[in-house]
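Below is one structure, written out as structure tokens; the observations come after it.
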There are 2 protein chains.
Amino acid sequence: MAKVDLKTLARELGVSVSTVSKALQDSHEISAETKARVMELAQQLHYQPNPYASSLRRQQTRNIAVIVPEVINHFFSLAIDGIESVAQASHYHVLIYQTHDSRAKEASICQHLQSGRTDGIIISLAAEPQDFTHLLQMHERGIPLVFFDRVCPLIDTARITTDDFASGFNATAHLLQQGAKRVAYLSLAPHLSIDRQRQEGYLEALRQQNLTALAQVVYCGTHETEAQQAIGQLLHSPHPPDGIFASVEKLALATYAVCQAQGWQIPQRLKVVGFANLPTAHLLNPPLSTVVQPAFAMGQQAAQTLFTCLKTRRPIPAQNVTLSAVLEPRGSSQGFGLGKTTGR
Amino acid sequence: MAKVDLKTLARELGVSVSTVSKALQDSHEISAETKARVMELAQQLHYQPNPYASSLRRQQTRNIAVIVPEVINHFFSLAIDGIESVAQASHYHVLIYQTHDSRAKEASICQHLQSGRTDGIIISLAAEPQDFTHLLQMHERGIPLVFFDRVCPLIDTARITTDDFASGFNATAHLLQQGAKRVAYLSLAPHLSIDRQRQEGYLEALRQQNLTALAQVVYCGTHETEAQQAIGQLLHSPHPPDGIFASVEKLALATYAVCQAQGWQIPQRLKVVGFANLPTAHLLNPPLSTVVQPAFAMGQQAAQTLFTCLKTRRPIPAQNVTLSAVLEPRGSSQGFGLGKTTGR
DNA sequence: TAAATTTACGAAAACGATTGAGTGAACTTT
DNA sequence: AAAGTTCACTCAATCGTTTTCGTAAATTTA
């Protein structure tokens, strides 16, 4: 089948290219009759306007970029799901990029996106120690930017997050309430916005119980094996913890793996709570107590924020949108004789 | 910061636009000295060619589309991971679309992609009963198409799959070997390529043990709650199974959920094997025996196939690439006194 | 040294859609 | 009925690159 463009339609109908173009955009300068004729032929020949010609002329692409550490993380794939849903409804197209938590990759991706390939960017930062020049550069170029979850504090734009401090506090308080005395905090990358805030919440919960002296923050990094090593060492330290608050899903699972390998009973010997969006949390052995972020809604929110600004051609306002995460207590943090936690 | 295009560079350097363009492409018609001057200024001003102008002229976009049922399925997110990795290395950009298993959405997405927004498409089909006209239309228009996992048998192009028949056979044989007598097959959508083949394998395994009479195929659909209902009914039928082979991850998890809710012990009362790419399979209660597909490699393979054809501007050859899935036996299918299955 | 070739660049026409300005004809208005 | 409006189009420039063709000058060849 040959390609069909405006010229094709125009020739076929015996009118000019501009008439066809305007008719398809329902312009008032075109008569109802002509519009109908144009529309019909367009339908019949399955005419689709070339988005690149259109982009070039209009200076907008209807593409957005989504940059995340990795798509195989349930939190991020849920967020992408949310973004994609809104995008499809708003007739935007979603480009996906992964940083694998590398700053260099993140920077390189941003570099490429300076070209105008997208109308805006939704990003959750890589864990690797950062300078933010690549982001600042984009911001200065006026490329609309929306952060979610792992945000950049230096750039004044929209930021969609959850209440990490409160979640950190609640998770830790819950562990203490269930009878844990020595709760350790597993950190992914200490300079990451979410990590810092969750850690602050954790520390505050300890402080309120005068347990600050027992605080223990363990840096685990982004690599599975390193994380397991760090956790293994923690369990074999002179004063091992009896509770663990994992700041991210990966670390909660690493804890399970280490405990399984070394025969530590959860929750008898070690109570565990972790941030996680696992669909299998309640099927684990034991069911994992989680802090669940509304990842899908965050994605939707981020996309919505971006699209409304794009539509009105206004720059993104510097606003923080905070959704709440919920603590779902399950078997992995269950204390004994101290009241119940629901099973599910 | 003002936008910088070829004209800017040309003006600044006192040469023509075409010279700059050619210099940046390292054309032989430009002297080494001029090239150097152009390159330097381009670097300095962070020049990025406008991809849409370029696409328009060159008739290729360096975008590809990936259409999957949903990104929050570990199999698909792993595949996307693989695709994105190859794409980034090959300087392609990846557009993501979800069908949520709806034929209408799939058709609508395909309709939009006729516009030339992408150079090619990688797709895994929606589960909903299909006619394939939207796919045939794209194929006729000459849009390069690569299928993975859920393929379309009617279109002669590249198909990346796993050996579903063998996997179905092995999974079923394993259940029988572990002592199950009555193995049921949980089907997602009977007209789906993968479902049919896995079912064939299942039936063949029963046949070899003269158990064809006990075959039981249960259609569960794509909805979580419907699936759980169907499974619940199965367990309460006059002759309930003592083994279940779930054709997809979702159904394996639904089985767990139903068993947990109704107190059926796995594997004592019901042995379970399912296709799954869960990172938590070994942490479930009990650990889930899985058929694991090399999702990442499949994604890579699909992308690689597409890119090499795009590069050589040849149409996609009609080839089937079959990778093998591996059966990982765990606690959920463990028999007693009939030999061991490894733990992990 | 005249002719042929190479070198290094510029002019201009695409790619396909959008859009402001221009244009006859039909229709109002006074 | 002359002047002004509206209607329904067409013309042509434009978006930023790419690429073919043309052409002076420099270089090589006969």
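These values consider heavy atoms only, across backbone and side chains, with no hydrogens, waters or symmetry-generated copies. Residue numbers start from 1 in every chain, and the chains themselves are labelled A, B, ... in the order their sequence lines are given, proteins ahead of strands.
Within 3.5 Å, no donor on the side chain of A:Gln59 pairs with an acceptor on the base of D:dC15, nor the reverse. Contact of B:Lys22 with D:dT20 (side chain to base): a donor-acceptor pair of N or O atoms is detected under 3.5 Å. With hydrogens and angles ignored, no donor-acceptor pair under 3.5 angstrom links the side chain of B:Lys3 to the base of D:dG16. The base of D:dC11 lies close enough to the side chain of A:Ser18 for a donor and an acceptor atom to sit less than 3.5 Å apart.
Nearer the 5' end of DNA chain C, as judged by each residue's closest nucleotide, is the contact made by B:Ile30, out of A:Glu29 and B:Ile30. Sequence order on DNA chain C of the closest nucleotides to B:Glu33 and B:Arg58 puts B:Glu33 first from the 5' end.
If you check every strand for non-hydrogen atoms under 4.0 Å, A:Ser54 touches sugar and phosphate atoms only. At a threshold of 4.0 angstrom between heavy atoms, the contacts of A:Thr34 are confined to the sugar-phosphate backbone, with no base atom among them. The residue B:Ser21 sits close to a base: some heavy atom pair falls under 4.0 Å. At the heavy-atom level, A:Val15 lies under 4.0 Å from the strands shown only through sugar-phosphate atoms.
Phosphate proximity of D:dT19 to B:Gln25: present, with a side-chain N or O under 4.0 Å from OP1 or OP2. Contact annotation: B:Thr19 side-chain N/O to C:dA8 OP1/OP2 distance is not under 4.0 Å. Not one side-chain nitrogen or oxygen of B:Arg57 sits closer than 4.0 Å to the OP1 or OP2 atom of C:dA14. Distances shown here put a side-chain N or O of A:Tyr47 below 4.0 Å from the OP1 or OP2 atom of C:dA17.
Ring orientation note: the planes of B:Tyr97 and A:His93 are nearly perpendicular, at an angle over 60° on the 30°/60° scale. Ring orientation note: the planes of A:Phe76 and A:Phe148 are nearly perpendicular, at an angle over 60° on the 30°/60° scale.
When the C1' atom of C:dC15 is taken as reference, atom CG of B:Asn50 falls 13 Å away, rounded to whole Å. Nucleotide D:dT17 holds its P atom 16 Å from the OH atom of A:Tyr52, rounded to whole Å. The nearest whole Å value for the distance from the NZ atom in A:Lys7 to the C1' atom in C:dA17 is 11 Å.
Using a cutoff of 4.0 Å between basic side-chain nitrogens and carboxylate oxygens, B:Asp26 and B:Lys35 are scored as salt-bridged.
Counting heavy atoms of neighbouring residues, nucleotides and ligands inside a 6.0 Å radius, atom CD of B:Glu70 exceeds 12 of them.
The two residues B:Asn63 and A:Arg117 come nearest to each other via the heavy atoms ND2-NH1, 2.9 Å.
Side chain of B:Ala53, nearest nucleotide from D:dT17, C:dT19, C:dG16: D:dT17.
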